[in-house]
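Shown next, in structure tokens, is the structure this report addresses.
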Amino acid sequence: MNIQLASSEKTNLLGLDRPAMEAFFAEMGEKSFRATQVMKWIHQVGVNDFEQMTNISKSLRAALASSAEITVPSILSDELSEDGTRKWLLSVPGKSAIEMVFIPEESRGTLCVSSQVGCTLNCSFCATGKQGYNRNLNTAEIVGQVWLAKTLLAQQYQTDDRIVSNVVMMGMGEPLMNFDNVVAAMNIMQDDCGFGLSRRRITLSTAGVVPQIDALLEACHVSLAVSLHAPNDELRNELVPLNRKYPIDELLSACRRYVASSNRAKVTFEYVMLEGINDDLEHAHQLASLMQTVPSKVNLIPFNPFEGIDYKRSSNSRINRFKDILQDAGVIVTVRKTRGDDIEAACGQLAGDVMDRTRRAERFRQKQAEKIQ
Ligand code: SAH
């Protein structure tokens, strides 16, 4: 008798990096090359049904179907912005929802991936922080986002070409607070049998969890972005409360150690432009002198407002003045183009009312069910 295990008892193969996949097959008494075969089917061909894995024997396919699964988060909503940005609200177990955003540009396509449901850090200007913290995503839920996006974008763009060329861990959550799962996921993204992205095409953005920046260097050396947002501790304590634990000095030292290990790398420092808060010309001068101490570039992010927040976006002329001061001091600086704000897909707007919307989705389902009965 072939008893099917309940879904939750099966191993979700999306969550296994190469060593874990090899261990999984070893436990089944199979050779390690099965791991690379199956990883290629899953991540490169985009298959989620064992029956389609034609170079795997029938009996092994059956054994896999009873002990493993390839399951991605389900879609609660799927919105397309006028500028081509696409945002998904995804459901994950525990009545939770996360958001994922795809940003197409001329020379690349960037997928912005979530690492946690909510966030513990509570940065004062961020919508995710306002909704509180629910839990870490597991590796399969992080990798599942990339798998799902690749599949859906291939349908949208009618091609299997590399539509997702870059991944940024800049969605909901603080990736370094979910270290092991995020590292395993980024390793799968880089693996030749996985998504095969080069490490400079994967960027991890952190509010500055100093010990984990050092640990990242050992575990998975991807591009690093740091959410700085203020050029002195007094102001940063207010905007990014994590700064009380890891002040700017310690943070910049960790960044120096990170780039020292690679002779070309720079750290990107993100700086959200908040009118009358951190956009004084004095702040620009302070930031410029901090930037002299680390191989760096600065990305100025015009603040994206959301319901219930008092901050305002700095004017364009203010942002340009700020940029000029940095540039005059020799700092490499760009201003982030705001994308997808018509569908609330811009930085910092993710899942501000996720719980609400999840409930809304539930109510919708209930109504549909009532109609059918
Ligand atoms: N926790 C990580 C990654 C998530 S946030 C981090 O702090 O880096 C991704 C980026 O969006 C961060 O730089 C964050 O500070 C910025 N951000 C958050 N809220 C924003 C908002 N309302 N407007 C513009 N950028 C915002």
Side-chain angles (χ1 to χ4, degrees), residues 85 87 98-101 103 110-133 136-137 142 145 166-179 182 185-186 202-210 212-213 216 222-230 235-236 238-243 245-246 248 251 254-255 258 267-275 277-279 287 296-314 319 334-341 344-354:
T85 300
K87 180 177 82 164
I98 50 166
E99 289 193 322
M100 166 172 85
V101 178
I103 307 135
T110 304
L111 187 69
C112 181
V113 169
S114 290
S115 58
Q116 297 182 311
V117 184
C119 188
T120 57
L121 299 183
N122 203 17
C123 296
S124 63
F125 51 85
C126 177
T128 308
K130 301 287 170 228
Q131 77 171 88
Y133 171 73
N136 280 332
L137 294 179
I142 300 169
Q145 293 173 64
N166 294 57
V167 172
V168 291
M169 300 301 305
M170 281 189 198
M172 296 168 62
E174 168 49 52
L176 291 186
M177 295 288 218
N178 182 13
F179 190 85
V182 166
M186 295 191 306
I202 302 173
T203 301
L204 180 142
S205 179
T206 178
V209 194
V210 164
Q212 264 66 38
I213 293 177
L216 187 64
V222 292
S223 300
L224 183 66
V226 170
S227 293
L228 193 62
H229 306 316
L235 183 55
R236 194 163 192 268
E238 220 177 277
L239 301 180
V240 184
L242 183 69
N243 194 68
K245 198 160 181 193
Y246 305 114
I248 292 176
L251 176 57
C255 292
Y258 199 84
V267 173
T268 300
F269 289 93
E270 295 156 289
Y271 195 100
V272 65
M273 297 297 294
L274 303 164
E275 185 185 86
I277 304 285
N278 66 352
D279 64 350
L287 180 60
S296 54
K297 52 187 176 194
V298 170
N299 194 200
L300 300 176
I301 314 175
F303 171 66
N304 295 307
F306 51 90
E307 226 179 278
I309 191 88
D310 286 336
Y311 292 127
K312 292 195 173 62
R313 177 185 292 187
S314 307
I319 295 175
T334 49
V335 179
R336 187 174 293 174
K337 231 165 116 189
T338 294
R339 299 285 304 261
D341 50 356
E344 290 183 351
C347 298
Q349 293 184 324
L350 296 191
D353 52 353
V354 122

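In each ligand, atom 1 is the first atom listed, and ligand 1 is the first ligand listed.
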Legend entry - For Phe125, the ligand 1 atoms whose distance to one of its heavy atoms is below 4.0 Å: 15 (O), 17 (N), 18 (C), 19 (N), 20 (C), 21 (C), 22 (N)

Legend entry - Check against side chain to side chain donor-acceptor pair (under 3.5 Å), Asn166 and Thr110: CA-CA 5 Å; Asn166 294 57; Thr110 304; 4.8 Å; no

Legend entry - Arg313 and Glu275 ion-paired at < 4.0 Å: no

Legend entry - For Thr206, atoms of ligand 1 separated by under 4.0 Å from a heavy atom: 6 (C), 7 (O), 8 (O)

Inset, instruction - Please work out which of Ser227, Ser124, Ser114 has its closest non-hydrogen atom nearest to atom 6 (C) of ligand 1. - result: Ser227

Legend entry - Distance flag, aromatic centroids of Phe125 and His229, threshold under 6.0 Å: yes

Legend entry - Proximal atoms of ligand 1 relative to Ala207 (non-hydrogen, under 4.0 Å): 6 (C), 7 (O), 8 (O)

Inset, instruction - Answer with side chain, backbone, both or neither: which part of Ile301 has a heavy atom less than 4.0 angstrom from an atom of ligand 1? - result: side chain

Legend entry - Atoms in ligand 1 flagged as close to Val272, the criterion being non-hydrogen separation under 4.0 Å: 23 (N), 24 (C), 25 (N)

Legend entry - Option of least heavy-atom distance to atom 14 (C) of ligand 1 (set: Glu270, Met170, His229): His229

Legend entry - Audit row: Ser227, Tyr271, side chain to side chain donor-acceptor pair (under 3.5 Å) steps and yes/no: CA-CA 6 Å; Ser227 293; Tyr271 195 100; over 6 Å; no

Inset, instruction - Go through the side-chain N and O atoms of Glu174 and Ser115 and say whether any donor and acceptor fall under 3.5 Å apart. - result: no

Inset, instruction - Step by step, work out the side chain to side chain contact (heavy atoms under 4.5 Å, CB included) result for Thr268 and Leu224. - result: CA-CA 6 Å; Thr268 300; Leu224 183 66; over 6 Å; no

Inset, instruction - Please identify which atoms of ligand 1 are closer than 4.0 Å to at least one heavy atom of Gly171. - result: 4 (C)

Legend entry - Interfacing atoms of ligand 1 (cut-off 4.0 Å, heavy-atom, Cys126): 18 (C), 19 (N)

Inset, instruction - Decide whether the shortest distance between a heavy atom of Gly173 and an atom of ligand 1 is less than 4.0 Å. - result: yes

